[in-house]
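Let me begin by presenting the structure, written as structure tokens, before commenting on it.
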Amino acid sequence: MITITAMRCSVKTSSANDTELLGEKIGRRLKGGEVIELVSDLGGGKTTFVRGLAQGFGSKDKVASPTFTISKVYQAGKLKMHHFDFYRLQESGLVGHELEEVVGSLDDIVVVEWAQIVQNVLPKDRLTINLKIANEDNRQIEFECASSLDYLLEGIC
Ligand code: ADP
Ligand code: MG
């Protein structure tokens with residue numbers, strides 16, 4: 001399969017709330033089957049963004065950093081959002097298998113923080129979000145996705 005990077009753009013946010021609202025906007029467009037990778041240093045705003053995503057997607061579940069549990073699930077109707085965080089893990093282990101099982105399922109959305117150790121499991125057709133820390137309150141957020149996911153970025157890029 002040939003993957004074409006269809007969209008790439010960058011948005012600046014100047015508060016955690018701005019970042020959450022941006023996540024919410026994209027969360028409202030999720031249909032199921034999407035894979036989203038979040039990249040940043042610690043404190044970049046990945047979990048903050050996911051909080052917005054889950055809200056926009058329609059879940060009332062509480063979003064917190066899954067660092068200690070590695071994965072969390074937020075539900076909205078028949079759709080589930082799986083939030084993974086592989087920070088400091090040397091091996092993806094059982095949770096890696098859990099990830100493999102939900103990737104590609106149309107009833108599931110996969111969101112991953114610190115995805116280095118599961119790169120081989122992530123499909124090329126995904127949305128990658130890179131959050132760069134400009135200073136305490138400002139983030140430069142770069143989006144990049146395959147053409148199959150361009151509906152997620154319409155009007156944002
Ligand atoms: P990560 O999951 O990348 O480690 P978190 O979302 O847990 O990051 O934490 C981001 C921190 O940065 C929070 O304390 C948040 O309030 C703060 N922050 C300040 N400005 C922003 C911004 N523009 N976007 C996101 N978070 C911000
Ligand atoms: Mg986090």
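Read the numbers this way: they start at 1 and go in the same order the structure lists the ligands and their atoms. Here, residue 1 is the first one in the sequence, and each next residue gets the next number.
Residue G44 has at least one heavy-atom neighbour below 4.0 Å for each of these atoms of ligand 1: 1 (P), 3 (O), 8 (O). Close contacts of ligand 1 with E113, meaning ligand atoms under 4.0 Å from a residue heavy atom, involve 2 (O). Atoms of ligand 1 found under 4.0 Å from any heavy atom of S40 (numbered from 1 in listed order, with element): 3 (O).
Protein heavy atom closest to atom 21 (C) of ligand 1, with residue, atom name and distance, is A16 N, 3.4 Å. Closest protein heavy atom to atom 24 (N) of ligand 1: T19 OG1, 2.6 Å. For atom 11 (C) of ligand 1, the closest non-hydrogen atom on the protein side is G43 O, 3.7 Å. Considering only non-hydrogen protein atoms, atom 12 (O) of ligand 1 sits nearest to R139 NH2, 3.1 Å.
Residue contacts to the Mg ion (ligand 2): D85 brings no N, O or S atom closer than 2.8 Å. Checking T47 against the Mg ion (ligand 2), an N/O/S atom falls under the 2.8 Å cut-off.
Heavy atoms of S65 come nearer than 4.0 angstrom to ligand 1 in no pair at all. Residue contact check for ligand 1: E20 places no non-hydrogen atom closer than 4.0 Å to it. Not a single heavy atom of D18 sits under 4.0 Å from any atom of ligand 1. Within the 4.0 Å heavy-atom cutoff, D41 counts among the residues contacting ligand 1.
Residues I141 and L21 are members of separate hydrophobic clusters, defined by side-chain heavy-atom contacts under 4.5 angstrom among Ile, Leu, Val, Met, Phe, Trp and Tyr. In terms of hydrophobic clustering, with Ile, Leu, Val, Met, Phe, Trp and Tyr side chains grouped at heavy-atom distances under 4.5 Å, V103 and I70 are assigned to a common cluster. A chain of hydrophobic side-chain contacts below 4.5 Å, direct or via other Ile, Leu, Val, Met, Phe, Trp or Tyr residues, connects V11 to L53. Both I156 and F57 are assigned to one and the same hydrophobic cluster, defined by single-linkage of ILVMFWY side chains at heavy-atom distances under 4.5 Å.
Among heteroatoms of the N, O or S kind in E113, OE1 lies nearest the Mg ion (ligand 2).
Both the backbone and the side chain of T47 come within 4.0 Å of ligand 1, counting heavy atoms alone. Only backbone heavy atoms of E136 (N, CA, C or O) come within less than 4.0 Å of ligand 1; its side chain stays farther off.
Using a distance-only test at 3.5 Å, with no hydrogens or angles considered, no donor-acceptor pair links the side chain of N138 to the main chain of A134. Looking only at distances, no side-chain donor or acceptor of R126 sits under 3.5 Å from a matching main-chain atom of E34. Judged by distance alone, with hydrogens and angles left aside, the side-chain atoms of Q75 form a donor-acceptor pair with the main-chain N or O of G77 at under 3.5 Å. Using a distance-only test at 3.5 Å, with no hydrogens or angles considered, a donor-acceptor pair links the side chain of R29 to the main chain of E154. Distance alone, capped at 3.5 Å, is enough to place a donor-acceptor pair between the R51 side chain and the V63 backbone.
At least one protein heavy atom sits closer than 4.0 Å to atom 4 (O) of ligand 1.
Comment: K78 engages D107 in a salt bridge, judged by a side-chain N to carboxylate O separation of less than 4.0 angstrom.
Taking each of L38, T48, N17 in turn, the one with a heavy atom nearest to atom 6 (O) of ligand 1 proves to be T48. With atom 22 (C) of ligand 1 as the reference point, the heavy atom nearest to it among G45, A134, S15, S14 is part of S15.
Between Y151 and L30 the shortest side-chain heavy-atom distance does not fall below 4.5 Å.
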**Asked** Is there a side chain to side chain donor-acceptor pair (under 3.5 Å) between D137 and S15 once you walk through the steps?
**Response** CA-CA 5 Å; D137 292 323; S15 71; over 6 Å; no
